[in-house]
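Below is one structure; the comments refer to it alone.
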There are 2 protein chains.
Amino acid sequence: MEHDLSERKKQILKAVIDAHIACGEPVGSKLLAAKGQIALSSATIRNELAELTEMGYLMQPHTSAGRVPSEQGYRFYVDSLMEGYDRTATEIRELNDLLTQRTRQLDRIIDDAGRLISTLTNYPAIAVRSHPRSQTVRRFNLMLMDTYSFLLIMVISEANVVTKTVRSQIPLTEEELKTVEQVLNRALVGREPDQLTLSQMMEIEAAMGRLGSLMSPILKCIYEALRADNRSDLRVEGVDRFLEYPEFSSVDRLRSMLEMLSNKQELLEIVEGAQGDEVNVYIGSENAADQSGDSTLIFKTIMVDGRPIGAIGVIGPCRMDYSKVISTVEQLSRGIAGMIRAQRMLPDPDKKDPP
Amino acid sequence: MEHDLSERKKQILKAVIDAHIACGEPVGSKLLAAKGQIALSSATIRNELAELTEMGYLMQPHTSAGRVPSEQGYRFYVDSLMEGYDRTATEIRELNDLLTQRTRQLDRIIDDAGRLISTLTNYPAIAVRSHPRSQTVRRFNLMLMDTYSFLLIMVISEANVVTKTVRSQIPLTEEELKTVEQVLNRALVGREPDQLTLSQMMEIEAAMGRLGSLMSPILKCIYEALRADNRSDLRVEGVDRFLEYPEFSSVDRLRSMLEMLSNKQELLEIVEGAQGDEVNVYIGSENAADQSGDSTLIFKTIMVDGRPIGAIGVIGPCRMDYSKVISTVEQLSRGIAGMIRAQRMLPDPDKKDPP
DNA sequence: AATTAGCACTTGATCGTGCCGAGTGCTAAT
DNA sequence: ATTAGCACTCGGCACGATCAAGTGCTAATT
């Protein structure tokens, strides 16, 4: 675990992992010697490989096979060995395309980001829209639709406005509705649903006068709006990409992957349980959602003004193009955060989008 | 193709298909004779099977295997042979649970319906939200957020209200905003975006007075709101269920299934191209989305007031529990239609939900 | 002392072989 | 018209031989 690897060992380890990431097969000493990366004979490399195996960085599927990185090996690679990734021009353009479309709903942005990241990395992607910690309605607005129904508009946040149609048993007028609107704004703005007591509800009902009977359906709507938006949502994009990787070409592996992805609850818990500022990389058994321990989960929480609003990431084999994926996830999540900040119309000049 | 099947042949064909649907393996004469369904010896059954095979209703995977229904066989089964399905009490409860939750957004309803139908049938499900033919804003409402921004609320239909935040370069007052609101409601309600000419836009800008500069961002929002909602959306739920069926246990089959499901465009075209009043059953090669011709697509459009608003269905192997799936799709789509009708608060007493 | 060449050994993958059983088609008997 | 019986076909599976890749070890080399 400690950094007790000689420079040469690191070089060889990196070469093994790079090669394995590229081709997916166990890599042997001969191949490494031939590639020219390392100026040593295969025999010497063999000795080093044996030691790296001893130390737990590599594994042999069987006695006469090449070496494959172990979890520990991947971990070390990700932490210390990996180089940055150079994005191609096309990729940059696609990223920008997404990020310049400003006037879109949060759901759609995150959804599209999932799709995009799946395309860019060629792995199945997950996109999560988190529930905010505690939510309240910032402002109510009522709009008469016809004599017996009105639209209840609830501004929860800049990017999140919920509307519901409410039907009344008794005829409505504009003026009465205005009164109700004022009552709601005075009594319920900034209130969490579980802070509301029965006596308060009675007061509200009284204040609403002739339209007191509307209180109950309205409160129900509010409760549902806050609740509905409270439910986190996880989407999976591009499962079919699993099939491109030989490690999942066995039906059993595939099954365990698909089962993991359909177990959205657990994935959500993992994603929401992670702290936000870093790209999270769970290799093999570190990825608790996957029983088989043969997959890697990479994701990053999207932070806006210090609060998590969602997350995007990918799932793939342990043999993953880590540098590319990590930098893509990093960049895209930052881009989305910036985009959402920009979409909030309140100007906040002291905050700048990260590059 | 004609109904030139003797009663006995029909009976045997039905027995073969039922058995095959139940167990998934080719069924032989012996099995049928043993099952007691048919009071004939295996030899006689063999002769009938041979004729049914001749006629194209059955197939033999190889010389010494039992028979498997052909597409034509399934088609005949679905059209003439199949019995109705008796829903269990639990299933009825689940259906009702979904259908009694009234105050939810269209998107979520259809989404959940997809999930539910996938659970009930145990096949992967598709859920489509269709775009309406032509859309217009029914009503505009502006809400001041702060001095430099306001909320633009567009009522497109009862179940579809879009909100966007618009930022202004110049300070805003409540009164000016009311004026703009009136201008919008007078000039743009019921207008399709491509009916709007430049000269009309100029008039609007003039009518908006000091806030004329807001016209362009507002129009952009309107355009996007109508457009965004115009995009049909197809979701797939429960892909992992493919793995439960032996016909998809080969990776290649699985690949073609997943590829089909990720080709949302084509699926959408099929679903939106179908007429609405019936459950559509595309067996094998009839399902154009699937190159392999080894899957069946069953779906039904959800009609509300004569217009399609979406669709739900399932995808599975040709060997499918047709009667169960068809009745589930049927029932659920009707239920959803009824639910949405109920959600539209405008009372329409002359229409009743189908049972 | 470190590196390299050479060689015997291990082991999964591949391919051909033969056996088994399920199911058929046909013929002859009922 | 139905059924019993029988020879035949063909996929699936287990077994075994062969192959190639890659190793670990020892002895030679720098």
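Values reported hereafter were calculated over all heavy atoms of this structure, with side chains retained and with hydrogens, waters and symmetry mates removed. The model shown is predicted, which means the values in this text are computed figures rather than measured ones. Letters go in sequence order (proteins before strands), and every chain restarts at 1.
Distance alone, capped at 3.5 Å, places no donor-acceptor pair between the A:Ser249 side chain and the A:Tyr245 backbone. Put simply, the side chain of B:Tyr123 gets close to the backbone of B:Asp321: a donor and an acceptor are under 3.5 Å apart.
Rounded to an integer number of Å, the gap from B:Met59 CE to D:dC10 P is 17 Å. If you take NE2 of A:His20 and P of D:dG22, they are 14 Å apart, rounded to a whole angstrom. Summarising the geometry, the separation between CD on A:Gln60 and P on C:dC9 is reported as 18 Å, rounded to the nearest angstrom. For the pair B:Ile45 CD1 and C:dC26 C1', the interatomic distance rounds to 17 Å; values are reported in whole Å. Between the C1' atom of C:dT24 and the CD atom of B:Glu54 lies a distance of 15 Å, rounded to the nearest Å. B:Glu51 places its CD atom 12 Å from the P atom of C:dC26, with the value rounded to the nearest Å. Rounding to whole angstrom units, CD of residue A:Glu48 and C1' of D:dT23 are separated by 16 Å.
Remark: C:dT30 base-pairs with D:dA1. Criterion, Watson-Crick or G-U wobble with two distances under 3.5 Å. Base-pair partner of D:dA7: C:dT24 (Watson-Crick or G-U wobble, both distances under 3.5 Å).
Side-chain polar atoms of A:Glu71 and A:Ser285 form a donor-acceptor pair below 3.5 angstrom. Inspection of the A:Ser292 and A:Arg253 side chains reveals no N or O donor paired with an N or O acceptor under 3.5 Å.
Of the residues in residues 62-71 of chain B, those placing a heavy atom less than 4.0 Å from an atom of DNA chain C are B:Thr63, B:Ser64, B:Ala65, B:Gly66, B:Arg67, in numerical order. Near DNA chain C, meaning a heavy atom under 4.0 Å from it, residues 28-41 of chain A has A:Leu40, A:Ser41 in order of number.
Heavy-atom neighbours of A:Glu244 CD from other residues, nucleotides or ligands within 6.0 Å: above the threshold of 12. Under a cut-off of 6.0 angstrom, the local environment of NZ in A:Lys30 is sparse, with at most 12 non-hydrogen atoms contributed by other residues, nucleotides or ligands. Around CD of A:Glu278, the count of heavy atoms belonging to other residues, nucleotides or ligands within 6.0 Å does not exceed 12. The number of heavy atoms from other shown groups lying within 6.0 Å of NZ (B:Lys264) is above 12.
Toward the 5′ end of DNA chain C lies the nearest nucleotide of A:Asn47, the other residue of the pair B:Arg46 and A:Asn47 mapping further downstream. Along DNA chain D, the nucleotide closest to B:Arg8 and the one closest to A:Leu49 are compared, and the more 5′ of them pairs with B:Arg8.
Between B:Tyr57 and B:Tyr77, a ring centre-to-centre spacing not shorter than 6.0 Å is recorded.
Each of D:dG5, D:dT3, C:dA5 was ranked by its minimum atom distance to the side chain of A:Ala43; first place goes to C:dA5. Side chain of B:Thr44, nearest nucleotide from D:dT3, D:dG24, C:dT4: D:dT3.
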